[in-house]
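Structure first, commentary second.
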Amino acid sequence: MTITEQTELPRRLADDFTALQEAVLARMNGTCAPETAAALEHASLAGPVTVVLAHADVLARGAVRRAELSVQPPERLRRLRAHARRVRRARSQAEARYKEQRARRLAGRSRPVDTLELRVARTAFATAFDEALRQELRDRGLPDGAPQAPESDLAQWAWDRKTAGGEPPAPVRDLRDCDDDAFVQALLRDAREEENPYLPHDAVVERWSRHARAALAWGRYAIGRAERDALACPLPARRTRLDALDDAYQDTAVLAARSREALLRAADLHDRMRDCVTTGPFAELVAQCRAAALARFADAEPEMWHGVRGLTARHRAHCPERADGCPHCHRALAAVLADAPPADTDEEGDGEQPTATLPADVDRYALLADLPDTAVVAVADAAVGDESARCGYGWAAEDGTTGHGDSLASSSGEAEVIGVCAAALSLLEHHEEAPVVLLCDSTEAVGAVDAALRSADPSAAHRTLLFPESRQLMARLVRHRHRVQVRWLKGHIGHDLNETADAFARLALRRATGRILPAAARKEEARILRSLGAAAGPLPAAA
């Protein structure tokens, strides 16, 4: 293959979504022409390949679901499931390859290395150095972006300065300025009606990336409703309902592809913004700000600065990397000064902060010792499916009552909230005066319900609750906020009520999706209840 062919074929594939998808699936199945297989390895196609496989993944799962609901011959169902597994595996591999390629690309970009003294000071004495940097930025009229300043906010500031020459087109301004619900509706129209050419614009691509998941959830919501309608019909009358289910899967496949594209374009924008402050005049400005901040730090904290200088000088005398500026030594030196283990951050100190963990001596379980004897305590749990927004929930109370059902949820957190609300409302109805306490192993769900109850405002949980079903349940529960509490419970540790709620949730999901026959579901429900009865007993003080 000539050099021209080596670049022309990847370009043609990048411009033709259908041709690229056909080529990727042919490669997956071992039927791809050698020149096409070679073209698919081109670096420019690493991202687009993940987009077409996101689309193919949804369609493959949709084909399996239609076959299940129309009772296709077992051999055809096995072939469809095998194809869906191959697509899912190819998608995972493609996404891993894209991440590796991007990491190599970013690692290959030369970035200036700060002096060892500066890196040690900003790591060992972060608070003092950040204050010096804030003062320097303030005096220069630059954004205050501590503690990682000036990289984080200066990147946006520099990009705005660079791109301020022209006002974006009116359709871009409309997308930029509309509210979140209107923006999600625009994403749904983009997938279901006509592709919006303005979404990739730099002014809105980050917003597109943020809201693409919500739009995709609404696609799964349509699948869930269509699936429910199909299951409500006897087999001979399902043809029309299954056609509607196909349409929902087609729309959701487009939403999945566009969601992936949004992530790629946002990542590209972030890379270009970072380049803007790591090269040229903005890189010089960053270096000037840091150097000046170090001078301020030295004046304000002479003892700290004396320790930094003495330690780094002694280190350089023996370091084998001193000719390169000791690029990897600052964390260990900072640990010596701060009398703490080295922080696990990236070279520039601007990586993600480690997740906070509870001390070992702090009880991590939901404490119940403070509750009155009249309190009704129950555990709620939920299960979500892969293909659609269908979810199942279940709950079990200390007094022996149980319940389960199904609904539609955009995430596991929303499904857990539905389970909590359904359980609480049922118990409130049967215990007119007693306080009701719900335990749940989802911190997101506990936080959402607690925020709504404390504020007496269902909208406080709307970041977690996307669909009308959950929002309506929350609105009903808030009316009884003075009688309801929700607390966290560590899940899957063998707690009887938690295991019962989990079993009911999984049963409810299987029943809702038609994956268990009614007679078998009744036997499973009886088995769960017998298991709970055999292990019945009061909850301990620490559940």
Closest contact, heavy atoms only, [X] versus [Y]:
| X | Y | answer |
| --- | --- | --- |
| A56 | L25 | CB-CD2, 4.2 Å |
| M474 | L465 | CB-CD1, 3.8 Å |
| A452 | A461 | CB-CB, 4.3 Å |
| E321 | H328 | OE2-CD2, 3.6 Å |
| A84 | V64 | CB-CG2, 4.0 Å |
| L231 | R65 | CD1-NH2, 4.3 Å |

*Could you go through the side-chain contact (heavy atoms from CB on, under 4.5 Å) check for Y198 and V204 one step at a time?*
CA-CA 8 Å; Y198 300 103; V204 294; 5.8 Å; no
May I ask you to decide if [Y]'s main-chain N or O and [X]'s side chain share a donor-acceptor pair within less than 3.5 Å?
| X | Y | value |
| --- | --- | --- |
| N29 | T31 | no |
| R85 | L80 | no |
| R390 | G385 | no |
| R119 | P327 | yes |
| R66 | L242 | yes |
| R258 | A191 | no |
| R265 | V205 | no |
| R61 | D386 | yes |
| T252 | G219 | yes |
| E414 | A409 | no |

*Just by distance, with hydrogens left out, do Y249 and E227 show a side-chain donor and acceptor under 3.5 Å apart?*
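There is no such pair between these side chains.
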*With no hydrogens and no angle check, do the side chains of S442 and E444 hold a donor and an acceptor under 3.5 Å apart?*
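Not at all, the side chains of S442 and E444 share no donor-acceptor pair under 3.5 Å.
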Find out whether [X] and [Y] are in side-chain contact, i.e. whether some heavy atom of one side chain is under 4.5 Å from a heavy atom of the other.
| X | Y | value |
| --- | --- | --- |
| Q21 | V51 | no |
| P458 | R471 | no |
| L188 | L255 | yes |
| L77 | P74 | no |
| D381 | C440 | no |
| L20 | P48 | yes |
| V417 | C421 | yes |
| L473 | V420 | no |

*Mind running salt bridge (charged side-chain N to carboxylate O under 4.0 Å, His left out) on R515 and E68 for me, showing each step along the way?*
CA-CA 9 Å; R515 289 189 166 91; E68 290 174 342; 3.2 Å; yes
Ion pair check, [X] and [Y], cut-off under 4.0 Å:
| X | Y | result |
| --- | --- | --- |
| D406 | R228 | no |
| D502 | R506 | yes |
| E525 | R522 | no |
| R78 | E75 | yes |
| E95 | R91 | yes |
| R27 | E22 | no |
| R97 | E41 | yes |
| D15 | R11 | no |

Within this structure, what is the [atom1]-[atom2] distance for the pair [X] and [Y], rounded to the nearest 0.5 Å?
| X | Y | atom1 | atom2 | answer |
| --- | --- | --- | --- | --- |
| T443 | L489 | OG1 | CG | 12.5 Å |
| W488 | D441 | CH2 | CG | 8.5 Å |
| D57 | T50 | CG | OG1 | 12.0 Å |
| R331 | T123 | CZ | OG1 | 8.0 Å |
| R238 | L245 | CZ | CG | 10.5 Å |
| C391 | E416 | SG | CD | 9.5 Å |

*Run the numbers on V449 and T464 for side-chain contact (heavy atoms from CB on, under 4.5 Å), then give the verdict.*
CA-CA 10 Å; V449 176; T464 298; over 6 Å; no
*Step by step, work out the side-chain contact (heavy atoms from CB on, under 4.5 Å) result for S470 and L466.*
CA-CA 8 Å; S470 60; L466 183 63; over 6 Å; no
*Under the side-chain contact (heavy atoms from CB on, under 4.5 Å) criterion, do E261 and L199 qualify, and how do the steps go?*
CA-CA 10 Å; E261 181 183 353; L199 286 170; over 6 Å; no
If you draw a 6.0 Å radius around [atom1] in [X], do more than 12 non-hydrogen atoms from other residues or ligands fall strictly inside?
| X | atom1 | value |
| --- | --- | --- |
| E194 | CD | no |
| R213 | CZ | no |
| Y221 | OH | yes |
| R463 | CZ | no |
| R225 | CZ | no |

*asked:* Run R207 and D180 through salt bridge (charged side-chain N to carboxylate O under 4.0 Å, His left out) and show every step you take.
replied: CA-CA 9 Å; R207 191 178 193 194; D180 289 347; 2.9 Å; yes
*Only one of V49, L264, L45 clears side chain to side chain contact (heavy atoms under 4.5 Å, CB included) with Y98; which?*
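For Y98, the side chain to side chain contact (heavy atoms under 4.5 Å, CB included) check succeeds only for L264.
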*Indicate the ring-plane relationship of H55 and F17, choosing parallel, tilted or perpendicular according to the 30° and 60° boundaries.*
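Because their plane-to-plane angle is over 60°, the rings of H55 and F17 count as perpendicular.
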_Please report whether the ring centroid of W218 lies less than 6.0 Å from that of F467._
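Judged by ring-centre distance (under 6.0 Å), F467 and W218 do meet the cut-off.
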*Does the pair R220 and S388 meet the rule for a side chain to side chain donor-acceptor pair (under 3.5 Å), with working shown?*
CA-CA 5 Å; R220 296 178 66 247; S388 76; 5.8 Å; no
